[in-house]
Amino acid sequence: GRGNALSSSIPLDPPSKITPLDDGIPLSSNCVDTVMTNPPFGTKPGNAGIDISFLRTAIRLARTSVYSFHKSSTRDYLIKTISSWGPQYHVQVVAQMKFDIPKMYKFHKEDNVDVDVDLIRVVIDDDDEDEDEA
C-alpha cells in the first residue's frame, strides 16, 4: 500500500511552535481538552502530508489528548514524527481496524476498498515540556 509521501511544503515544526496564523484555524492553542479527528490520509498526489498538518493542529488545540485515524502503513512514520516534536507528546496505537471506503470520487477505481487503519492517541504531558524549558 501507499505510505505517507510527505511533501516538503508541509512544515514539521512542533505543534507548540505554530499559531493560528500558521495553520489557518482561528482558535487559540490549548482551547479544548481533547480533539478527535479523521484527517484525509495524505497519500494521494496533491495532498501528501495533509494528515500530519491535521494532526499537528489537533495537538496544538488540545490540552490533554488527541485521537486520530491514520492508515496503518504510516504508523512508524507518525510515531517518529510525533516523538520528534518533543518529550511531552506520548503516542500509542489504541485500536486497529479496517475502513470500508466506498467509491466516492472519480479517481476511485473499485466499488469499495478495505483500508487498514490505526486509531492513535497522543497524550500531552505539560510537565515534560516545562522540564525542557527549565
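Just so you know, residue 1 is the first one in the sequence shown, and it goes up from there.
Side-chain heavy atoms closer than 4.5 Å link hydrophobic residues (I, L, V, M, F, W, Y) into clusters, and following such links, possibly through other members, connects V32 to I25. In terms of hydrophobic clustering, with Ile, Leu, Val, Met, Phe, Trp and Tyr side chains grouped at heavy-atom distances under 4.5 Å, Y89 and V93 are assigned to a common cluster. Under the 4.5 Å side-chain heavy-atom criterion for grouping Ile, Leu, Val, Met, Phe, Trp and Tyr, V94 is connected to M36 within one hydrophobic cluster.
In this structure, the side chains of I82 and I120 come closer than 4.5 Å at one or more pairs of heavy atoms. Contact of the Y77 side chain with the I52 side chain is registered, since non-hydrogen atoms from C-beta on lie closer than 4.5 Å. In this structure, P14 and R56 have side chains that are not in contact, with every pair of non-hydrogen atoms separated by 4.5 Å or more. Taking 4.5 Å as the limit, every side-chain heavy atom of L119 sits out of range of all side-chain heavy atoms of V117.
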May I have the step-by-step check of side chain to side chain contact (heavy atoms under 4.5 Å, CB included) for I101 and N112, ending in yes or no?
CA-CA 5 Å; I101 300 181; N112 62 14; over 6 Å; no

Test side chain to side chain contact (heavy atoms under 4.5 Å, CB included) applied to Q88 and S16, step by step
CA-CA 10 Å; Q88 67 270 31; S16 60; 4.3 Å; yes

Could you walk me through whether V113 and V115 pass side chain to side chain contact (heavy atoms under 4.5 Å, CB included), step by step?
CA-CA 6 Å; V113 176; V115 177; 4.1 Å; yes

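The side chain to side chain contact (heavy atoms under 4.5 Å, CB included) check on S72 picks up R75, D116, D118, with sequence neighbours excluded. In this structure F54 satisfies the ring pair (Phe, Tyr, Trp, His ring centres under 6.0 Å) test with no other residue, sequence neighbours excluded.
Surrounding CG of D100 are more than 12 heavy atoms belonging to other residues, nucleotides or ligands, all under 6.0 Å away.
Rounded to the nearest 0.5 angstrom, I50 CD1 and L55 CG are separated by 12.5 Å.
Within the 3.5 Å criterion, the main-chain N or O of K71 finds a donor-acceptor partner in the side chain of T74. Remark: the backbone N or O of T81 is paired with a side-chain donor or acceptor of S84 at under 3.5 angstrom.
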Which atom pairs, donor and acceptor, lie under 3.5 Å between side-chain atoms of residues 61-69 and protein residues at least two apart or in another chain?
{"unit_1": "R63", "atom_1": "NE", "unit_2": "D33", "atom_2": "OD1", "d": "3.0"}
{"unit_1": "R63", "atom_1": "NH1", "unit_2": "N30", "atom_2": "O", "d": "2.7"}
{"unit_1": "R63", "atom_1": "NH1", "unit_2": "C31", "atom_2": "O", "d": "3.4"}
{"unit_1": "R63", "atom_1": "NH2", "unit_2": "D33", "atom_2": "OD1", "d": "3.1"}
{"unit_1": "T64", "atom_1": "OG1", "unit_2": "D33", "atom_2": "O", "d": "2.7"}
{"unit_1": "S65", "atom_1": "OG", "unit_2": "T34", "atom_2": "OG1", "d": "3.1"}
{"unit_1": "S68", "atom_1": "OG", "unit_2": "H70", "atom_2": "NE2", "d": "2.7"}

